[in-house]
Amino acid sequence: MKQVDFLVVGAGIAGLSAAARLARHGETVVCEAEDAPGVHASGRSAAFAHFDMDAPLVRALTAASMPLLQEPGARPHPALFIALEGQEATLDRLEANYRVWAPQVRRLSVAEARELVPVLRAGADGIVGALLDPQGRKLDAHALLEGHRKALLAAGGTIAAKAPVTALSHDGGRWIVDTPGASYDARVVVNAAGAWVDAVAGLAGVSPIGIRPLRRTVITFDVPIDVAAWPFTKTVGPGFYIEPEGSGRLLACPMDESASEPCDAQPEEEDVALAAWRVEQATSLTIPRLAGKWAGLRSFTPDRLPVAGFDPSAPGFFWLAGQGGFGLQTSPAMALAAEALATGGDWPEELRAVGVEAEMLAVERLR
């Protein structure tokens, strides 16, 4: 049985980014059920960083993370937020919230928005206004995960692939963690298993936090024009977003949220059709056939805010969960929080500067 200081369950962006930092403080191993990091939610994200999030806490975590998102994992790319008829008040609210963290944002007329994305419809069925963030960030999930993997290994940590946790027990001082190929004796268990965090907690006899996996669908399709310079374009309310994938291909999502059990999510045909329909309704694009389609699970706590901290009823059991659809863009800040809380270190100045305190992330609020 191998002794470790930190055993992290899950090699998605949450677990891997935290593990890369924890490995500086002691022997760290990441147990991943799949054969590679980021197979589920992290690897299936549209991967764009912006401030169009309802929760002030998430916007603050994003603000703390932005300076830490560097190439090749992140590169500058504009973001355009469009309002359909009836969404004018939502656009006003977004602008006010956005300016707190990104004063460079500017309001655009319909004509100005259509100069950036010429296929947007104007008039009764089209857009009524827009907001442009010229300093958005296009994220590369693979590059971000690879960067954390390399940092973890450089610090002496390890990743055990195809190693789902099958049993968890506490001997009064440390956690005994069993996987099919090995067993570990860990001082701290970090539960970063995404949609499976409550299942992992159940193995440990720890009360669940009520995680809710919600399926989201993405399609890609080819277009006969060069769209590489188009901004990431998203409706401010229910609707869709589109994002360039190279010069002649677009990614689109209907922003669906369908309840799901933890699983290897697959796209449902009605959600695929909804994605195409919403794009065609608001633009002059037609989508006769798809280049690709997939689905992923975005996992939320009941209050849709992330959790980072020790469970008060289980010594050494650390929650790192509920990063929903903002896991990639908040991962630097959440990793800083996890490092400080799991090691008893000072609270990071990067988080203090944006008004984020440890209590905001604590699991106690969900009990």
Asks: Give the minimum heavy-atom separation between Tyr98 and Phe51, together with the two atoms involved.
Replies: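 Minimum heavy-atom separation between Tyr98 and Phe51: OH-N, 3.4 Å.
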Asks: Taking the six-membered ring of Phe6, is the NZ or CZ of Arg187 close enough (under 6.0 Å from the centre) and on axis enough (within 45°)?
Replies: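 Yes, a cation-pi geometry.
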Asks: For the pair Arg212 and Asp198, evaluate salt bridge (charged side-chain N to carboxylate O under 4.0 Å, His left out) and give the outcome as yes or no after the intermediate values.
Replies: CA-CA 10 Å; Arg212 293 185 302 141; Asp198 278 349; over 6 Å; no
Asks: Got a donor-acceptor contact below 3.5 angstrom from the Gln87 side chain to the Pro238 backbone?
Replies: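 Pair found, side chain donor or acceptor close to backbone of Pro238.
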Asks: Same hydrophobic cluster for Leu131 and Val236, using side-chain heavy-atom links shorter than 4.5 Å among ILVMFWY?
Replies: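 Leu131 and Val236: one cluster.
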Asks: Side chains of Arg21 and Thr28: does their closest heavy-atom pair fall under 4.5 Å?
Replies: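 They are not in side-chain contact.
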Asks: Go through the steps for Lys138 and Glu71 under the test salt bridge (charged side-chain N to carboxylate O under 4.0 Å, His left out), then give the verdict.
Replies: CA-CA 10 Å; Lys138 168 66 176 171; Glu71 293 192 26; over 6 Å; no
Asks: Flag yes if more than 12 heavy atoms outside Asp171 fall under 6.0 Å of its CG atom; otherwise flag no.
Replies: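 Enclosed: over 12 neighbouring heavy atoms sit under 6.0 Å from CG of Asp171.
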Asks: How far apart are the closest heavy atoms of Pro180 and Pro164, and which atoms are they?
Replies: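 Looking at all heavy atoms of both residues, the shortest contact is CD-O, 3.2 Å.
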Asks: Which heavy atom of Ala295 sits nearest a heavy atom of Arg215, and at what distance?
Replies: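 Taking every non-hydrogen atom into account, CB-CG, 3.9 Å.
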Asks: If you count every heavy atom of other residues, nucleotides or ligands that lies below 6.0 Å from Asp264 atom CG, does the total exceed 12?
Replies: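 Yes, the 6.0 Å shell around CG holds more than 12 heavy atoms from other groups.
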Asks: Transitively linked via ILVMFWY side-chain contacts under 4.5 Å: Val128 with Leu91?
Replies: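 No.
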Asks: Using only atom types and a distance under 3.5 Å, with no angle test, would you say the side chain of Ser42 pairs donor to acceptor with the backbone of Ile13?
Replies: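 Checking the backbone N and O of Ile13 against the side chain of Ser42, a donor-acceptor pair under 3.5 Å is found.
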Asks: Quick check: Trp230 with His77 (ring centres under 6.0 Å apart)?
Replies: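 For His77 and Trp230, the ring centres are not under 6.0 Å apart.
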Asks: Please give me the minimum heavy-atom distance between Asp222 and Ala291, naming the atom from each residue.
Replies: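 For Asp222 versus Ala291, the nearest heavy atoms are OD1-CB, 4.2 Å.
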Asks: Following the transitive rule for hydrophobic clusters with a side-chain heavy-atom cut-off under 4.5 Å over Ile, Leu, Val, Met, Phe, Trp and Tyr, establish whether Val200 and Ile176 coincide in one cluster.
Replies: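 Val200 and Ile176: separate clusters.
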Asks: Does a side-chain heavy-atom distance below 4.5 Å link Phe310 with Leu341?
Replies: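 No; the side chains remain at least 4.5 Å from each other.
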Asks: Taking Leu120's backbone N and O only, do any of them form a donor-acceptor pair with Arg114's side chain (distance below 3.5 Å, no angle check)?
Replies: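 Present.
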Asks: What heavy-atom pair brings Cys31 and Val165 nearest, and what distance separates the two atoms?
Replies: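 Minimum heavy-atom contact is CB-CG2, 4.4 Å.
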Asks: Hey, does the side chain of Arg149 reach the backbone of Ala11 with a donor-acceptor pair shorter than 3.5 angstrom?
Replies: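 Not a single qualifying donor-acceptor pair exists.
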Asks: Would you check if the side chain of Asp178 reaches a backbone N or O of Ala167 as a donor-acceptor pair within less than 3.5 Å?
Replies: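 Between the backbone of Ala167 and the side chain of Asp178 there is no qualifying donor-acceptor contact (under 3.5 Å).
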Asks: Is there a side-chain contact between Leu361 and Leu57 in this structure, where contact means two heavy atoms from C-beta onward sitting under 4.5 Å apart?
Replies: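 A side-chain contact under 4.5 Å exists here.
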Asks: Tell me, yes or no, whether the heavy-atom count around Glu364 atom CD, taken from other residues, nucleotides or ligands under 6.0 Å, exceeds 12.
Replies: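 Atom CD in Glu364 is packed in, count exceeds 12.
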Asks: Mind checking whether Val189 and Leu168 have side chains closer than 4.5 Å, heavy atoms only?
Replies: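 Sidechains of Leu168 and Val189: in contact.
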Asks: Search all heavy atoms of Ala333 against all heavy atoms of Ser65 and return the closest pair with its distance.
Replies: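 Answer, listing the atom of Ala333 first, then Ser65: N-OG, 3.1 Å.
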Asks: Measure from the side-chain N and O atoms of Arg75 to the backbone N and O of Pro72, and report whether any donor-acceptor pair falls under 3.5 Å.
Replies: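 No.
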Asks: Short question: side chain of Asn191, backbone of Trp319 - any donor-acceptor pair under 3.5 Å?
Replies: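 Not a single qualifying donor-acceptor pair exists.
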Asks: Find out if a path of hydrophobic residues (ILVMFWY) with successive side-chain heavy-atom gaps under 4.5 Å connects Phe318 to Val30.
Replies: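 Yes, Phe318 and Val30 fall within the same hydrophobic cluster.
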Asks: Can you list the residues that meet the side chain to side chain contact (heavy atoms under 4.5 Å, CB included) rule with Asn97, with sequence neighbours excluded?
Replies: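 Side chain to side chain contact (heavy atoms under 4.5 Å, CB included) list for Asn97, sorted by chain: Arg59, Arg93.
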Asks: Indicate whether the side chain of Thr62 and that of Gln329 have a donor and an acceptor atom separated by less than 3.5 Å.
Replies: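 Looking only at side-chain atoms, Gln329 and Thr62 do form a donor-acceptor pair, the distance falling under 3.5 Å.
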Asks: Is a side-chain donor or acceptor of Arg44 paired with a backbone partner of Leu297 at a separation under 3.5 angstrom?
Replies: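 Such a contact is absent between Arg44 side chain and Leu297 backbone.
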Asks: Take a 6.0 Å sphere around CD of Glu112 and say whether it holds more than 12 heavy atoms from other residues, nucleotides or ligands.
Replies: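 Count over threshold, so yes.
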Asks: Strictly by modelled atom types, are Thr217 and Asp256 linked by a side-chain donor-acceptor pair under 3.5 Å?
Replies: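 Side chains of Thr217 and Asp256: pair found under 3.5 Å.
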Asks: Around Arg106, counting heavy atoms of other residues, nucleotides and ligands shown, do more than 12 lie under 6.0 Å from its CZ?
Replies: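 Result for CZ/Arg106: open.
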Asks: Would you say the side-chain atoms of Glu339 and His25 include a donor-acceptor pair closer than 3.5 Å?
Replies: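 His25 and Glu339 do have a side-chain donor-acceptor pair below 3.5 Å.
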Asks: Evaluate the salt bridge (charged side-chain N to carboxylate O under 4.0 Å, His left out) criterion for residues Asp185 and Lys2: first the C-alpha distance (whole Å), next the side-chain angles of each, then the deciding distance (0.1 Å), finally the verdict.
Replies: CA-CA 6 Å; Asp185 177 344; Lys2 183 176 181 179; over 6 Å; no
Asks: Please check if atom CH2 in Trp347 has more than 12 non-hydrogen atoms from other residues, nucleotides or ligands closer than 6.0 Å.
Replies: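 Yes, enclosed.
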Asks: In terms of heavy-atom contacts, does CD of Gln104 have more than 12 from other residues, nucleotides or ligands at under 6.0 Å?
Replies: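 Yes, enclosed.
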Asks: Would you say the side-chain atoms of Thr286 pair up with the backbone N or O of Pro288, donor to acceptor, closer than 3.5 Å?
Replies: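 Absent.
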Asks: Do the ring centers of Phe232 and Tyr241 come within less than 6.0 Å of each other?
Replies: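 Yes: the rings meet the under 6.0 Å criterion.
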Asks: For His170, does the NE2 atom have more than 12 heavy-atom neighbours from other residues, nucleotides or ligands under 6.0 Å away?
Replies: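 Counting neighbours around NE2 of His170, more than 12 heavy atoms of other residues, nucleotides or ligands fall under 6.0 Å, so yes.
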Asks: Any donor-acceptor pair under 3.5 Å linking the side chain of Arg137 with the backbone of Leu69?
Replies: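 Such a contact is found between Arg137 side chain and Leu69 backbone.
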Asks: Assess whether salt bridge (charged side-chain N to carboxylate O under 4.0 Å, His left out) is satisfied between Glu32 and Lys162, documenting all intermediate values.
Replies: CA-CA 6 Å; Glu32 169 54 49; Lys162 296 183 179 179; over 6 Å; no
Asks: Between Ser247 and Val227, is there a side-chain heavy-atom distance shorter than 4.5 Å?
Replies: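 They are not in side-chain contact.
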Asks: Within a strict 4.5 Å, meaning less than it, do heavy atoms of the Leu80 and Leu108 side chains meet?
Replies: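 They are in side-chain contact.
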Asks: Side-chain contact, heavy-atom cut-off 4.5 Å: Phe317 with Val188?
Replies: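 When only atoms from C-beta onward are counted, Val188 and Phe317 do not touch, as no gap falls below 4.5 Å.
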